[in-house]
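So the structure is just underneath, and the comments pick up after that.
Positions are given from 1, in the same order as the sequence printed here. In this text the structure is predicted, and so the values were computed from the model without any measurement.
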Amino acid sequence: MTSLQLDIDHAAAVLRDATDVTLLGHIRPDADAAGSAFALARVLHRRGATVRVSFGDSASLPESLSVLDTDGLYVPAQRLPESEPLLVVLDTASPSRLGRLERRIPEAGQVLVVDHHATNTRFGTHHVVDDTAVATAVLVLAIVDALGAELDEPVARCLYAGLVTDTSGFRRATPDTHRIAARLLAAGVEPGGLIRTLVDERPFGWLPMLAEVLAGARLEPSAAGGRGLVHAVVPAELTTRVRLEETEGVIDVIRATREAEVAAVLKEQSPGSWTVSLRSAGTVDVAAAAAELGGGGHRLAAGCSAEGTAEEVLDRIRGALGRAPLA
């Protein structure tokens, strides 16, 4: 038996007798963080546990992710209990990625960390961490199986959401990825409608926001070791016009630039305070660059937070990318 399978079995043993569980995902949750949390939460809820799911920076669940909360298990951060006997942290490489919920780590009785980031700091009391997994949802499915729980359509839908988005629509899929996807589809997932809700649908207000951002996009062919960097800035006045999830989608537009190996989007959260999304076409390790800047992620997709003017932040990104290892 592998060490990973031992960790999965240990996690299942911890969860099997749990009666009160809080599940957390990282700030600015994506479909893998939310889908992993709601899938495991539903399984535990069906077993009779008191369960809640939360994210540190969300007063409400992002609209596009609400389709994953079949059982109404989302609880805003301000309504969580003071502490919990068991905290499950999913798709989160370090406590700082929990935002204001970071303080709950030392206050919890036990902390189970389930994650697939290579930069995971193993900050829990129990861990299921595998950086070869294409999504945290894959590890959650393994835990669900270890619990002997039914893979019904709502659970499968949540896991499929994480799988399809974290592989960029199966662009980074392995043979096992497709086998897992087939199993989830057999459980009743309808992929067309789900992907439209998660990825494709945008409010009309997204179009003028995107037009303004793209008008300021810049290409630097000599950056990233001569492999090219394309970047765009979403200033605070634009972030207030649309939902958070709309600004998160900008990176998927500019990353299509043929002349750039790396894409970066700076999103201003408040004056001089930025979140940065980085994407690599395959050669530059953007996780290493993000880690140098205090963030983390995967080799092809990473992010960080930064302070200063947009140009100051871009200068630091250029430097980190220039030092980043190559595949």
Side-chain angles (χ1 to χ4, degrees), residues 5 7-25 29-55 58 60-62 65-77 79-81 83-92 104 108-116 124-128 133 135-165 180-191 193-194 197-198:
Q5 188 59 54
D7 289 342
I8 290 168
D9 290 344
H10 188 192
V14 170
L15 293 169
R16 189 168 285 115
D17 298 323
T19 59
D20 188 295
V21 187
T22 296
L23 299 98
L24 304 180
D30 58 11
D32 194 26
S36 296
F38 285 120
L40 188 55
R42 175 174 169 82
V43 168
L44 298 176
H45 180 64
R46 288 194 329 230
R47 294 177 64 88
T50 298
V51 180
R52 57 198 78 82
V53 175
S54 195
F55 308 97
S58 301
S60 60
L61 188 65
L65 300 178
S66 61
V67 68
L68 306 178
D69 187 15
T70 305
D71 302 289
L73 299 177
Y74 173 76
V75 175
R79 287 175 43 203
L80 290 175
S83 63
E84 46 276 305
L86 175 58
L87 187 66
V88 182
V89 183
L90 300 117
D91 200 44
T92 302
R104 306 188 76 85
Q110 298 184 89
V111 179
L112 169 61
V113 176
V114 184
D115 186 33
H116 72 131
T125 57
H126 312 285
H127 302 90
V128 177
T136 296
V138 172
L139 301 174
V140 171
L141 177 58
I143 294 172
V144 170
D145 287 342
L147 284 167
E150 177 191 2
L151 183 63
D152 63 8
E153 189 279 334
V155 172
R157 184 196 324 151
C158 290
L159 297 176
Y160 190 87
L163 189 68
V164 70
T165 55
I180 291 170
R183 183 181 170 197
L184 299 176
L185 293 174
V189 176
E190 196 289 294
L194 178 61
T197 299
L198 291 173

Indicate yes or no: at least one non-hydrogen side-chain atom of [X] is less than 4.5 angstrom from one of [Y].
X    : Y    : answer
D91  : D30  : yes
L184 : L151 : yes
L90  : H116 : no
L159 : L163 : no
V53  : D69  : no
H10  : H127 : no
V88  : L15  : yes
E84  : V21  : no

Task: Option among V128, L141, V114 that satisfies the side-chain contact (heavy atoms from CB on, under 4.5 Å) test with T136 - done: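 Per the side-chain contact (heavy atoms from CB on, under 4.5 Å) rule, the option paired with T136 is V114, out of V128, L141, V114.
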If you take all heavy atoms of [X] and [Y], which pair is closest and at what distance?
X    : Y    : value
L65  : P29  : CD1-O, 3.6 Å
A137 : S36  : N-OG, 3.2 Å
C158 : A39  : CB-CB, 3.7 Å
H45  : V51  : N-CG2, 3.8 Å
A31  : A161 : CB-O, 3.7 Å
A149 : V43  : CB-CG1, 3.6 Å

Gap separating the [atom1] atom of [X] from the [atom2] atom of [Y], nearest 0.5 angstrom:
X   : Y    : atom1 : atom2 : value
L73 : L61  : CG    : CG    : 11.0 Å
D9  : L147 : CG    : CG    : 10.0 Å
L86 : T22  : CG    : OG1   : 8.5 Å
R16 : L44  : CZ    : CG    : 11.0 Å

TODO: Assess whether side chain to side chain contact (heavy atoms under 4.5 Å, CB included) is satisfied between T70 and F38, documenting all intermediate values.
DONE: CA-CA 8 Å; T70 305; F38 285 120; over 6 Å; no
Task: D152 bridged to R157 by N-O distance under 4.0 Å - done: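 Salt bridge absent between D152 and R157.
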TODO: Kindly determine whether D20 and R52 satisfy salt bridge (Lys or Arg N to Asp or Glu O under 4.0 Å), including the steps that lead there.
DONE: CA-CA 9 Å; D20 188 295; R52 57 198 78 82; 3.0 Å; yes
Task: Polar side-chain atom of R104 near backbone of L80 as donor-acceptor pair, under 3.5 Å - done: no
Open item on the list: Tell me whether the rings of Y74 and F55 are parallel (<30°), tilted (30 to 60°) or perpendicular (>60°).
Closed with: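 Rings of Y74 and F55: parallel, under 30°.
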Task: side chain to side chain contact (heavy atoms under 4.5 Å, CB included) between V14 and T125, worked out - done: CA-CA 11 Å; V14 170; T125 57; over 6 Å; no
